[in-house]
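Structure record follows, encoded as structure tokens.
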Amino acid sequence: MYKYIIHGQKKLKGEVVISGSKNASLPIMAASLLTKEEVILQNIPDLMDIQTMRQLLEMLGKKTVFENNTLSIKEIDPSLYEAPYDIVRKMRASIAVMGPLLARKGQAKISFPGGCAIGPRPIDIHLRGMKALGTDLLIEHGYIWAQAKELTGKQMDLMGNFGPSVLATENVMMAATLAKGITIIEGAAREPEISDLADCLISMGAKIKGSGTSIIEIEGVKELGGTSHTIIPDRIETGTFMAAAGTTGGEILLKKVNILHMEEVIEGFSKAGVEIEILSQDSLVARGKNIRPVEIETHPYPFFPTDLQAQLMALVSISDGTSVISEKIFPDRFMHAAELNRMGADIKVDGATALIKGVKNLSGAAVMASDLRAGAGLVVGALAARGKSEILRIYHIDRGYEKLDEKLRKIGADIERVPQ
Ligand code: EPZ
């Protein structure tokens with residue numbers, strides 16, 4: 001187990017190259033199960049969730065080789081179809097192998113994903129979609145046993161109580177690529193990661209229209225071939241560095257970003273007082289100016305993302321007024337608030353809304369990461385805090401950020417990774 005030691009109040013200055021998107025990489029890796037041919041993926045970030053998904057693919061009969069952010073996935077044994085508890089409990093995105101397994105092998109045995117720090121994380125929408133395509137489901141002993149002699153295309157609505165589901169849209173879209181006939185998904189999620197998956201599937205021979213909108217049409221084909229695909233940049237990592245520029249009053253040149261995916265994020269952080277200068281479609285400069293209070297709600301794409309809520313909260317905790325942040329996706333996603341209060345923030349959580357009364361300074365303290373983005377929020381806070389902070393359980397951060405401490409040290413942060 002490792003922890004971060006951070007001495008705050010260093011102005012960050014320099015350039016950071018943004019890594020490939022974790023949330024695009026994971027479903028696209030799962031999509032390799034749809035073909036027996038080799039799939040080569042470039043710009044894959046080197047982080048823990050990628051290693052976990054590699055382990056899972058190897059348990060499902062694939063051989064993977066990963067070097068210099070390029071991943072090659074080849075088929076060794078097409079007969080395997082079980083995703084065990086030990087892997088699924090570590091990473092909920094494992095559920096994304098269900099669609100490909102059902103489409104290619106007609107069966108899947110997947111441990112029922114548990115909850116995590118940000119909420120119960122149900123999969124009812126996934127199961128609704130698979131049933132609509134003709135899958136028989138049995139849930140017993142903590143596993144989902146799914147069987148489908150043949151998947152048949154259907155019109156369905158995947159909207160849930162909290163809006164569309166990213167992974168459920170991806171799961172059903174992948175299953176539908178090899179189903180008989182046409183599938184129409186209404187209430188589809190519109191995240192850029194879904195469009196990246198669709199582009200990859202199309203390069204494998206799938207017939208998909210409408211990805212990135214709330215209605216996606218998939219015409220099933222007989223089989224899919226191999227491909228070579230480059231993963232889009234990570235918009236959440238990009239936003240995390242915007243917040244870090246804000247809390248340290250620094251100036252960071254962010255490279256290999258995709259501005260088109262960042263409209264509402266740029267809007268949100270600009271409102272909070274981070275000056276964002278767009279240099280080109282794939283580069284921008286983020287400068288910390290005087291941080292201002294904001295009123296923001298998280299919503300499905302294209303609005304402000306829940307995955308940047310903790311980082312924004314850390315930023316506005318040192319503004320000169322009171323901010324209101326409402327979580328419309330994961331109402332319990334506020335574990336980081338109490339930890340920021342340990343650093344001297346003044347945050348009150350009331351249900352799915354947090355009231356953040358800005359304070360002059362945060363003070364360094366020992367705090368604990370509870371999930372990936374909460375951990376990132378605590379790093380953003382610690383970079384601003386006076387004195388020394390310790391951030392424990394940074395395995396959460398390692399799951400979703402590639403070399404975060406290295407990238408921060410390169411632009412002047414005093415951050416060290418030491419055994420806990
Ligand atoms: C994806 O998770 C992301 N993960 C999450 O990022 C992200 O926070 C989330 O989308 C929302 O944008 C990956 O892409 C690997 P959802 P996902 O299904 O697909 C409810 C990170 O930090 N829901 O879009 O699991 C759900 O409870 C991670 O990188 C159901 O009710 O999220 C939530 O309230 C954390 N039934 C809402 O929908 C279902 O069957 C949106 O969840 C599925 C979801």
Side-chain angles (χ1 to χ4, degrees), residues 19-31 45 47-50 52-53 56 88 90-99 110 112-132 137 139 144 156-174 187-197 214 231-232 234-240 261 264-265 298-311 327-333 335-336 352 369-377 396-402:
S19 302
S21 162
K22 165 180 87 80
N23 289 350
S25 301
L26 295 173
I28 287 174
M29 288 169 72
L47 42 85
M48 281 315 290
D49 273 8
I50 299 297
T52 305
M53 185 56 93
L56 178 52
V88 178
K90 279 192 281 193
M91 182 182 67
R92 283 194 69 267
S94 311
I95 191 76
V97 302
M98 183 193 288
I110 302 183
F112 203 92
C116 68
I118 66 178
R121 312 298 296 274
I123 58 165
D124 56 303
I125 303 175
H126 296 251
L127 302 182
R128 186 193 327 156
M130 297 308 160
K131 260 194 236 146
L137 293 164
I139 295 170
I144 306 157
M156 63 183 79
D157 188 331
L158 293 185
M159 189 58 85
N161 302 335
F162 292 91
S165 162
V166 173
L167 276 167
T169 303
E170 292 165 337
N171 226 343
V172 174
M173 181 165 76
M174 288 191 278
R190 297 164 50 189
E191 274 67 5
E193 292 75 33
I194 296 188
S195 300
D196 201 27
L197 171 62
S214 52
I231 302 290
I232 57 171
D234 194 311
R235 60 195 170 95
I236 305 302
E237 184 192 18
T238 309
T240 305
H261 301 156
E264 286 286 328
V265 170
T298 66
H299 284 285
Y301 192 86
F303 301 108
F304 194 86
T306 173
D307 288 352
L308 281 170
Q309 180 256 107
Q311 299 90 320
E327 235 320 324
K328 299 290 183 189
I329 309 263
F330 294 111
D332 306 333
R333 192 176 199 170
M335 299 277 279
H336 42 283
S370 51
D371 70 87
L372 158 61
R373 308 301 176 183
H396 288 293
I397 300 177
D398 293 344
R399 285 191 49 191
Y401 286 89
E402 182 176 39

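Both ligands and their constituent atoms are indexed starting at 1 by order of listing. The basis for the numbers below is simple: all heavy atoms, side chains too, and nothing from hydrogens, waters or symmetry mates.
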Between Arg333 and Asp371, is there a side-chain heavy-atom distance shorter than 4.5 Å?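 Counting from C-beta outward, Asp371 and Arg333 do come under 4.5 Å.
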Strictly distance-based, threshold 3.5 Å: is any side-chain N or O of Arg235 a donor or acceptor partner for the main-chain N or O of Ser21?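 Absent.
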Contact residues of ligand 1 with a heavy-atom cut-off of under 4.0 Å?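 For ligand 1, the contacting residues are Lys22, Asn23, Arg92, Ala93, Ile118, Arg121, Pro122, Ile123, Asp124, Ile125, His126, Phe162, Pro164, Ser165, Val166, Leu167, Thr306, Asp307, Ile329, Phe330, Arg333, Leu372, Arg373.
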May I have the step-by-step check of side-chain contact (heavy atoms from CB on, under 4.5 Å) for Ile95 and Val88, ending in yes or no? CA-CA 7 Å; Ile95 191 76; Val88 178; over 6 Å; no
In sequence, state the C-alpha distance, the side-chain angles, and the governing distance for Ile50 and Met29, and then conclude on side-chain contact (heavy atoms from CB on, under 4.5 Å). CA-CA 9 Å; Ile50 299 297; Met29 288 169 72; 3.9 Å; yes
Does Met48 CE have over 12 foreign heavy atoms under 6.0 Å away?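 Not more than 12 within 6.0 Å, no.
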Go through the structure and list residues passing ring pair (Phe, Tyr, Trp, His ring centres under 6.0 Å) with Tyr401, not counting sequence neighbours.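 Testing Tyr401 for ring pair (Phe, Tyr, Trp, His ring centres under 6.0 Å), a comparison that skips the adjacent residues, returns none.
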